[in-house]
Colleague: 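The structure is given below, and queries will be raised subsequently.
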Number of protein chains: 2
Amino acid sequence: MRLTTKGRFAVTAMIDVAMYGGNGPVTLAAVSARQRISLSYLEQLFGKLRRSGLVDSVRGPGGGYNLAKASDQISVADVILAVDEPIDATQCGGRENCHDDHRCMTHDLWTSLNDHIFAFLSGVTLAQLVRQQPQRGETTVLQDHRRAPAGAPKEPAPEAV
Amino acid sequence: MRLTTKGRFAVTAMIDVAMYGGNGPVTLAAVSARQRISLSYLEQLFGKLRRSGLVDSVRGPGGGYNLAKASDQISVADVILAVDEPIDATQCGGRENCHDDHRCMTHDLWTSLNDHIFAFLSGVTLAQLVRQQPQRGETTVLQDHRRAPAGAPKEPAPEAV
DNA sequence: CCATTAGTTGACTAAATCGTTCGGGTATAC
DNA sequence: GTATACCCGAACGATTTAGTCAACTAATGG
């Protein structure tokens, strides 16, 4: 399980679709405007989300994206797995990587870690996240994931662990 | 909390120091040879680990690195935080990023996520990891984190989540 | 039918990060 | 004073990130 900003973008966009998808498909242009994510980047992400079966696309005017499943059936882990490719192919028991025939020392650690994080993220659904949102009427901005400019004052954000 | 292979390298190396540091400092050259990590990369990582107070260095012949604290006082989270810079400076309550005065939608999600992962990694100490290792005599290879070659058969590793 | 809307695809880019290599320093033990 | 080992920084190729551009296809509305 890799954790980058890419997954955050995808989750943010999916929440947006979940929130605004009540009446008809949500267009990526609308998501882009609301969440300040580049349209083309969203296209890339939703291409993966669609191929992973998390969203359905409707082409033509009035088209856009719908969640393929109910929002309580889509977990954060699903979204992140769809867009973030797996971190590592080095399976220790395997062939080329671990030389000699020694067993990988950190194998158990990372297996356990991955399992734990995955379990946690699998337990968080889009529905839960939507429910947490303050239901303001119009364009609720989620979060700007863009990196702060280099010269910005660097007070440590408590959540930026 | 960012999760990349960089942190894995650092943890692997720290486990090596914990295991072989019984009698005197451990040289990075030895770690490099045992764990197949580039010496210069180790130097970079241990520079950060030293500045974070996780290891002490001894210069000159017979020198090397010692753990600055007992191995049960150093957590995986400590190591990863030392070498992996924080993923994101976008603190939602903040200035430039979230426009208007809306609160960040995913703020709670990522705070909770970070806390959870951080708590998990904080609970895993080097001592626990060392204890898990099969105590073979000589050079126990931990794990080769290098990416598998492009053409390799892509059977999905169960732990590569 | 046909123009418009909107998804789909692919190539291409700048920047950042990753892992590594190189070349020089500086402190210390022998 | 020389070998050892930490220390520092520059540079590099490969990969990932985030974003742009352009061409294409499908479906709707008039």
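Just the heavy atoms: all of them, side chains too, but no hydrogens, waters or symmetry mates, feed the values below. Letters go in sequence order (proteins before strands), and every chain restarts at 1.
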Colleague: Look at the side chain of B:Gln44 against the base of C:dG19 and say whether a donor-acceptor pair falls under 3.5 Å; ignore hydrogens and angles.
Modeller: no
Colleague: Reckon A:Gly47 touches a base, only the sugar-phosphate, or nothing at all at heavy-atom distances under 4.0 Å?
Modeller: nothing
Colleague: Between A:Ser38 and A:Gly62, just flag the one whose closest nucleotide in DNA chain D comes earlier from the 5' side.
Modeller: A:Ser38
Colleague: Tell me: NZ of A:Lys48 to P of C:dG10, nearest whole Å?
Modeller: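 That distance rounds to 13 Å.
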Colleague: In whole Å, I'd like the distance from the CZ atom of B:Arg36 to the P atom of C:dT20.
Modeller: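 Interatomic distance, CZ of B:Arg36 to P of C:dT20: 12 Å.
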Colleague: What is the separation between atom CZ on A:Phe46 and atom C1' on C:dT8, rounded to the nearest whole Å?
Modeller: 14 Å
Colleague: Got a second to check how far B:Phe120's CZ is from B:Ser75's OG, nearest 0.5 Å?
Modeller: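 The distance works out to 11.5 Å.
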Colleague: I need the CD1-P distance between B:Ile80 and C:dT17, as an integer number of Å.
Modeller: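 Taking atom P of C:dT17 as the reference, CD1 of B:Ile80 is at 17 Å.
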Colleague: To the nearest angstrom, how far is B:Tyr41 atom OH from D:dC7 atom C1'?
Modeller: 18 Å
Colleague: Are A:Arg50 and C:dT9 close enough that a side-chain N or O sits under 4.0 Å from OP1 or OP2?
Modeller: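 Answer is yes, contact under 4.0 Å.
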Colleague: Please state whether the phosphate of D:dC8, meaning OP1 or OP2, lies under 4.0 angstrom from any side-chain nitrogen or oxygen of B:Arg51.
Modeller: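 Answer is yes, contact under 4.0 Å.
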Colleague: If only side-chain N and O atoms of B:Thr4 are considered, is one of them under 4.0 Å from the OP1 or OP2 phosphate oxygen of C:dC18?
Modeller: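 Answer yes for this pair, as a side-chain N or O of B:Thr4 is under 4.0 Å from OP1 or OP2.
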Colleague: If only side-chain N and O atoms count, and only distance matters, is there a donor-acceptor pair under 3.5 Å linking B:Ser52 with B:Asp78?
Modeller: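 No donor-acceptor contact under 3.5 Å links the two side chains.
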Colleague: Distance check: side-chain N/O of A:Ser40 vs OP1/OP2 of D:dC21, anything under 4.0 Å?
Modeller: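 No, because none of the side-chain N or O atoms of A:Ser40 sits under 4.0 Å from OP1 or OP2 of D:dC21.
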Colleague: Contact class for B:Val26 (heavy atom, under 4.0 Å): base, sugar-phosphate, or nothing?
Modeller: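 Sugar-phosphate contact only.
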Colleague: State whether the distance check finds a donor on one side and an acceptor on the other, under 3.5 Å, for side chain B:Glu43 versus base D:dC8.
Modeller: yes
Colleague: Rounded to the Å, how far apart are B:Lys6 NZ and D:dA14 C1'?
Modeller: 15 Å
Colleague: Tell me whether the side-chain N or O atoms of B:Ser57 pair up with the base of D:dC7 as donor and acceptor below 3.5 Å, since no angle test is needed here.
Modeller: no
Colleague: C:dT17 C1' sits how many Å from B:Leu45 CG, rounded?
Modeller: 13 Å
Colleague: With the side chain of B:Thr27 defined as its heavy atoms from C-beta on, choose the nearest nucleotide among D:dT17, D:dC6, C:dT17.
Modeller: D:dC6
Colleague: So which nucleotide from C:dG19, C:dT20, D:dA18 ends up closest to the side chain of A:Thr5?
Modeller: D:dA18
Colleague: Is there side-chain contact between B:Leu28 and B:Tyr65, with heavy atoms separated by less than 4.5 Å?
Modeller: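 The answer is yes, as the side chains (C-beta and beyond) meet within the 4.5 Å cut-off.
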Colleague: Taking the side chain of A:Pro61 as its heavy atoms from C-beta onward, which of C:dT28, D:dA27, D:dT17 lies nearest to it?
Modeller: D:dA27
Colleague: Would A:Ile117 and B:Leu3 count as a side chain to side chain contact (heavy atoms under 4.5 Å, CB included) here? Give the steps.
Modeller: CA-CA 11 Å; A:Ile117 295 174; B:Leu3 284 184; 3.2 Å; yes
Colleague: Taking the side chain as C-beta and beyond, is there a heavy-atom pair between B:Phe9 and B:Val83 under 4.5 Å?
Modeller: no
Colleague: Is the closest side-chain heavy-atom distance between A:Lys48 and A:Lys6 below 4.5 Å?
Modeller: yes
Colleague: Any N or O donor-acceptor pair under 3.5 Å from the base of C:dT5 to the side chain of A:Arg59?
Modeller: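 There is none.
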Colleague: Would you mind reading off the distance between B:Leu39 atom CG and D:dC8 atom C1', rounded to a whole angstrom?
Modeller: 13 Å
